[in-house]
Amino acid sequence: MRWWKVAGLAGLAGVAATGIVLARAERRRRAYTPDEIRDRLHARLAEADEPGADFGDDAEDS
């Protein structure tokens with residue numbers, strides 16, 4: 001193999017390894033406890049129960 005092919009493969013392996021490390025870190029960062037999930041769902045439900053809550057439909061624009 002030529003040296004540039006080896007360098008390219010090493011670079012590709014480095015990019016893949018970096019992506020894996022970043023994905024794992026993101027998963028850990030976004031890991032919520034069941035209590036946190038419950039609190040977030042209750043907060044969203046309270047927002048949805050408010051009169052005039054906007055759910056993102058553009059019904060007024062039609």
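Position 1 is the first residue of the sequence; numbering continues from there.
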Original post:
Are L41 and Y32 in one and the same hydrophobic cluster, where Ile, Leu, Val, Met, Phe, Trp and Tyr link if side-chain heavy atoms are under 4.5 Å apart?
Top reply: yes

Original post:
Out of curiosity, does V6 fall in the hydrophobic cluster containing L9 (side-chain heavy atoms, cut-off under 4.5 Å, transitive links)?
Top reply: yes

Original post:
Can you tell me how far CG of L22 sits from CZ of R24, rounded to the nearest 0.5 angstrom?
Top reply: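 Atom-to-atom, R24:CZ and L22:CG are 11.5 Å apart.
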
Subject >> Spatial distance of atom CZ (R40) from atom CD (E36) [nearest 0.5 Å] >> reply: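 Here the rounded value is 8.5 Å.
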
**OP:** Apply salt bridge (Lys or Arg N to Asp or Glu O under 4.0 Å) to the pair E26 and R29, showing each step before the final yes or no.
**Re:** CA-CA 5 Å; E26 183 70 13; R29 186 181 69 80; 2.6 Å; yes

